[in-house]
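Each remark here refers to the structure printed beneath this line.
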Amino acid sequence: MTHAHLTTLVLALIFLIIIAVLQNKGKNIKIWHMILRTNYILVMVTGFILFFTSYSIPLSYYFKAILGILMIGLFEMVIVRKQNGKPTDLLWIAFSIVFVVLFVLGFTLPQGIDLLK
Ligand code: HEM
């Protein structure tokens, strides 16, 4: 399941890059935005499966889940604010920080690929 979770994350990033490039060219992002939003469901489903697979759910898992959901909110905010012509610099900084924290958490938590071993 960690592989499924990782796959959906990589897909989310690819779709976000496509959307950012299209936005910079002033092109229509509607379809890609819809695909990305569908992909959020997969991110959450795989995340929640990992969450509930744990026999006793550690506190760090709640933190990971809340940050994961916040991350999806940030994906939406950078896209929608850019679409409305509003500044996104600070949001991108928040985006990068939460993203790195999630990866560090994801890879140090007990399940799946453990990069520290
Ligand atoms: C875009 C948002 C998200 C990012 C970038 C992210 C990132 C990651 C990464 C890199 C891993 C490690 C995978 C591995 O060990 O192979 C992971 C695992 C996990 N994620 Fe997410 N995730 C996100 C959303 C969510 C959501 C919404 C949930 C909801 C519950 C969630 C729950 C979990 C759980 C429980 C694990 C397993 C932790 C462990 O290894 O023990 N994630 N995530």
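Since the structure is predicted, the reported quantities are computational estimates derived from the model, not experimental observations.
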Do any side-chain atoms of residues 6-14 form donor-acceptor pairs under 3.5 angstrom with protein atoms, and if so which ones, sequence neighbours left out?
| unit_1 | atom_1 | unit_2 | atom_2 | d |
| --- | --- | --- | --- | --- |
| Thr7 | OG1 | His3 | O | 2.6 |
| Thr8 | OG1 | Ala4 | O | 3.4 |
| Thr8 | OG1 | His5 | O | 2.6 |

Which residues share a side chain to side chain contact (heavy atoms under 4.5 Å, CB included) with Phe52, sequence neighbours left out: Phe48, Ile57
All ring-ring contact (aromatic ring centres under 6.0 Å, His included) counterparts of Phe103, not counting sequence neighbours: Phe99, Phe107
CD on Gln83 to CD1 on Ile19, rounded to 0.5 Å: 9.0 Å
Test side chain to side chain contact (heavy atoms under 4.5 Å, CB included) applied to Ser60 - qualifying residues, sequence neighbours left out: Pro58, Leu109
Identify every side-chain donor-acceptor pair in residues 86-98 under 3.5 Å, counting partners at least two apart or on other chains, and give the distances.
| unit_1 | atom_1 | unit_2 | atom_2 | d |
| --- | --- | --- | --- | --- |
| Ser96 | OG | Trp92 | O | 2.7 |

Straight-line distance of Leu16 CG to Gln23 CD, nearest 0.5 Å: 8.5 Å
Any side-chain heavy-atom pair of Tyr61 and Ser56 under 4.5 Å: no
Salt bridge (Lys or Arg N to Asp or Glu O under 4.0 Å) contacts touching residues 93-105 (sequence neighbours left out): none
Side chains of Thr38 and Leu42 in contact at under 4.5 Å (non-hydrogen atoms): no
Distance in Å, Ile31 CD1 paired with Leu36 CG, rounded so as to fall on 0.5 Å steps: 14.0 Å
Nearest-0.5 Å distance that lies between atom OH in Tyr62 and atom CG in Leu59: 8.5 Å
Shared hydrophobic cluster for Met34 and Val78 (ILVMFWY, side-chain gaps under 4.5 Å): no
Residues forming a side chain to side chain donor-acceptor pair (under 3.5 Å) with Asn24, sequence neighbours excluded: Lys82
Worked check of side chain to side chain contact (heavy atoms under 4.5 Å, CB included) between Val45 and Ile41: CA-CA 6 Å; Val45 169; Ile41 300 173; 4.1 Å; yes
side-chain hydrogen bond (donor to acceptor under 3.5 Å, both in side chains) pairs, two or more places apart, involving residues 63-77: His33-Glu76, Arg37-Glu76, Tyr40-Glu76
Side-chain hydrophobic cluster, 4.5 Å single linkage: members besides Val21: Ile17
Audit row: Asn28, Leu22, side chain to side chain contact (heavy atoms under 4.5 Å, CB included) steps and yes/no: CA-CA 7 Å; Asn28 195 336; Leu22 287 178; over 6 Å; no
Pairs satisfying salt bridge (Lys or Arg N to Asp or Glu O under 4.0 Å), at least one member in residues 19-33, at least two apart: none
Hydrophobic cluster membership, Ile69 vs Ile72, 4.5 Å side-chain cutoff: yes
Value rounded to 0.5 Å, distance of CG in Leu74 from CD1 in Ile79: 11.0 Å
